[in-house]
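Structure, as structure tokens:
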Amino acid sequence: MAETKREIERKYESDESGLPDLTRVAVVASVVDKGIAHLDATYHDTADERLAASSVTLRRRTGGSDAGWHLKFPVAPGVRDEIRAPLTDTLPDELAALVRSRVRDSELLPVVRLRSDRDVRHLLDADGRLLAEVSVDTVHAERLTGRGGEARWTEIEVELADGGDPALLDKIDKRLRKAGVRPSTSSSKLVRALEETAPGKRRRSTRDRKPVTAGDHVLAYARTQRDAIVALDPAVRRDTEDSVHSMRVATRRLRSTFRSFGKILDRAVTDPVADELKWLAGELGRDRDREVLTERLTSAVGEVPAELVRGPVLERVRSWSSAEHGGARGRLLGVLDSRRYLTLLDTLDVLIADPPLLKAAGKEARKPVAKAVRKDFRKVSKLVERAAELEPGTDRDVALHEARKKAKRTRYAAEAAEPVLGKPAKTMVKSMKALQNLLGEHQDSVMARQALRELSAVAHAAGESAFTYGLLHEREEQRAVRVEAELPGFWDGIKDVGAAL
């Protein structure tokens with residue numbers, strides 16, 4: 001069974017002078033020599049080093065106190081989540097699943113072997129509690145692919161103890177710098193090993209080129225969303241907080257990009273991909289929608305006076321939510337392992353690497369990008385005005401929901417346009433987000449009422465009172481009425497934001 005550890009550390013260059021006296025660091029009472037550990041790690045990656053390109057490392061290590069398989073994902077500079085699995089001859093299935101969005105059908109190969117002599121020190125406080133581990137690592141790197149280069153170096157690694165205060169690392173950093181020790185120019189041993197054992201200099205990626213044309217800007221935004229989908233896949237598999245929602249948003253943003261900028265990217269090529277993104281967003285939304293609805297209903301029940309809660313209402317809501325979650329979770333994992341999903345990722349890679357650019361893509365960005373955002377905004381305007389003309393009921397509910405979806409699409413188009421259009425695009429993003437939230441409250445009310453009718457029917461069939469469900473239904477209906485009453489004035493306040501583009 002794999003376990004996850006948050007790793008917070010800093011790396012430094014080292015010469016023959018060793019470590020300075022770290023007891024001079026505030027709160028460090030003693031430094032305990034823990035001896036030398038001999039570590040032997042083989043790093044695995046695809047032939048084109050997809051994991052390394054994403055700052056992800058996968059290794060099988062022997063020696064030391066944590067021998068086994070280690071998979072590390074970047075969280076922030078100097079912070080990584082390390083997922084550990086027991087030492088086996090082959091990569092455990094659980095870790096293989098977590099790199100699938102990057103590896104897909106490619107074979108994982110041994111690419112680098114690192115043998116390190118690790119001289120370990122523990123930094124303790126006055127009560128003997130571990131504050132941090134400091135090691136001086138003498139490293140021998142050997143490339144296992146290509147012409148097999150080698151490299152040797154020594155580095156200092158400072159890792160914060162579990163639950164430690166990150167501010168301690170700043171204090172240690174100050175002491176090390178004062179002693180002449182400098183931060184490493186490489187973020188990890190693997191990065192340094194790949195650089196120093198490479199058979200030749202690596203060419204600068206074309207994606208590092210500053211966006212200039214309309215096509216450049218749209219592709220930069222699309223690439224960011226593609227990268228987010230791939231990067232969030234492991235977090236979704238691990239069921240980390242907000243990961244499903246974030247992946248769904250990235251999927252929707254990418255789909256909206258293809259729809260909004262159809263004069264820049266050929267929709268004859270992107271429409272089939274957008275359809276697949278819609279499918280993926282739908283699968284990601286199954287559990288997310290349930291989660292939002294559960295929070296809404298639970299909160300609503302909590303606002304009802306105790307004497308008006310008739311029967312096990314809260315228990316029924318939770319039971320319904322739990323049953324829905326179990327089924328949705330299993331289905332989503334199946335989706336992420338499906339051939340359809342992996343093919344979509346491959347298709348996105350091809351499309352972004354060789355984009356179907358139209359004539360407008362080669363133009364200076366401002367005019368075609370602004371035109372696309374204005375076109376989306378006009379669609380929102382028509383939908384809002386049409387909804388206002390309809391009588392309250394199902395038709396208006398549907399129209400407001402369509403307006404919300406178009407507001408979201410316009411928001412994403414304006415996000416993509418911000419580097420080009422600046423403040424007017426930023427204002428558009430803010431306005432569309434506010435409209436989206438207002439109309440989202442209305443749609444949530446629609447969905448809550450539907451769920452309450454279903455729960456009421458189940459309760460009635462079980463011989464329970466349906467009174468509280470009816471009460472909650474009426475309250476939800478009044479929420480929708482308030483949104484509908486607020487919308488005309490709200491729209492008057494933002495309907496001219498498109499004119500500034």
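- Ionic pairing of E159 and K11 is not present here: no N-O contact between side-chain nitrogen and carboxylate oxygen is shorter than 4.0 angstrom.
- With respect to the salt-bridge test (charged N to carboxylate O, under 4.0 angstrom), the residues R237 and D233 qualify.
- Not a single donor-acceptor pair under 3.5 Å links the side chain of T240 to the backbone N or O of S243.
- In this structure, NE2 in H70 is found 7.5 Å from NZ in K72, a value given to the nearest 0.5 Å.
- Salt bridge present: R115 and E142 bring a charged side-chain N and a carboxylate O closer than 4.0 Å.
- Side-chain N or O atoms of D137 include none that pairs as donor or acceptor with a backbone N or O of V139 at under 3.5 Å.
- With salt bridges taken as basic N to acidic carboxylate O contacts below 4.0 Å, one links K5 and D162.
- Using a distance-only test at 3.5 Å, with no hydrogens or angles considered, a donor-acceptor pair links the side chain of R60 to the main chain of T88.
- Contact detail for S14 and I156: the closest heavy-atom pair is CB-CG1, 3.8 Å.
- Under a 3.5 Å cut-off, the side chain of T257 and the backbone N or O of A222 do not form any donor-acceptor pair.
- The pair E364-R366 fails the salt-bridge criterion, with no side-chain N (NZ, NE, NH1 or NH2) lying under 4.0 Å from an Asp/Glu carboxylate O.
- Counting heavy atoms from C-beta outward, V369 and F261 have side chains that approach closer than 4.5 Å.
- R121 has no carboxylate O lying under 4.0 Å from a charged side-chain N of E133, or vice versa, which leaves the two without a salt bridge.
- Salt bridge status for D66 with R61: present, with a side-chain N to carboxylate O gap under 4.0 Å.
- In terms of modelled atom types and a separation under 3.5 Å, the side chain of H44 and the main chain of T42 share a donor-acceptor contact.
- Between R118 and E155 no salt bridge is recorded (no basic side-chain N to carboxylate O distance below 4.0 Å).
- Taking CZ of R59 as the reference point, atom CH2 of W69 lies at 12.0 Å (rounded to 0.5 Å).
- Inspection of the R411 and Q436 side chains reveals an N or O donor paired with an N or O acceptor under 3.5 Å.
- A salt bridge links R259 to D275: one of the charged nitrogens lies within less than 4.0 Å of a carboxylate oxygen.
- Of the possible donor and acceptor atoms, none in the side chain of T298 sits under 3.5 Å from a partner among the backbone N and O of E295.
- Ion pair E157/K189 flagged as a salt bridge, since at least one NZ, NE, NH1 or NH2 atom sits closer than 4.0 Å to an Asp/Glu carboxylate oxygen.
- Taking 4.0 Å as the cut-off between side-chain N and carboxylate O, E13 and R192 count as a salt-bridged pair.
- A salt bridge does not link D376 to R374: none of the charged side-chain nitrogens sits closer than 4.0 Å to a carboxylate oxygen.
- When all heavy atoms are compared, the tightest approach of E402 to L383 is O-CD1, 3.7 Å.
- For the residue pair A85 and P92, the shortest heavy atom distance occurs at CB-CG, 3.8 Å.
- Ion pairing of D289 with R248 is present here, as a side-chain N (NZ or NE/NH1/NH2) and a carboxylate O approach within less than 4.0 Å.
- One distance of note links CG of L435 with NZ of K406; it measures 13.0 Å at 0.5 Å rounding.
- The distance from atom CG of D40 to atom OG of S116, rounded to the nearest 0.5 Å, is 8.5 Å.
- Within the 3.5 Å criterion, the main-chain N or O of R177 finds a donor-acceptor partner in the side chain of R182.
- To the nearest 0.5 Å, atom CZ of residue R253 and atom CD of residue Q225 are 5.5 Å apart.
- One distance of note links CG of L71 with CD of E94; it measures 10.0 Å at 0.5 Å rounding.
- Between the side chain of S322 and the backbone N or O of R318, no donor-acceptor pair lies under 3.5 Å.
- Figure legend: cation-pi geometry between R340 and W279, with NZ or CZ positioned under 6.0 Å from the six-membered ring centre and within 45° of its axis.
- In this structure, P234 and S101 approach most closely via the heavy-atom pair CD-OG, 4.2 Å.
- For D33, the CG atom counts as densely surrounded, since its 6.0 Å shell holds more than 12 non-hydrogen atoms of other residues, nucleotides or ligands.
- D349 has a carboxylate O that lies under 4.0 Å from a charged side-chain N of R104, or vice versa, which qualifies the two as a salt bridge.
- When atom types are taken as modelled, the side chain of D216 and the backbone of V212 share a donor-acceptor pair closer than 3.5 angstrom.
- In summary, R143 and E49 engage in a salt bridge, as defined by a charged side-chain N under 4.0 Å from a carboxylate O.
- Although no hydrogens or angles enter the test, the distance criterion places a donor-acceptor pair under 3.5 Å between the side chain of D45 and the main chain of L51.
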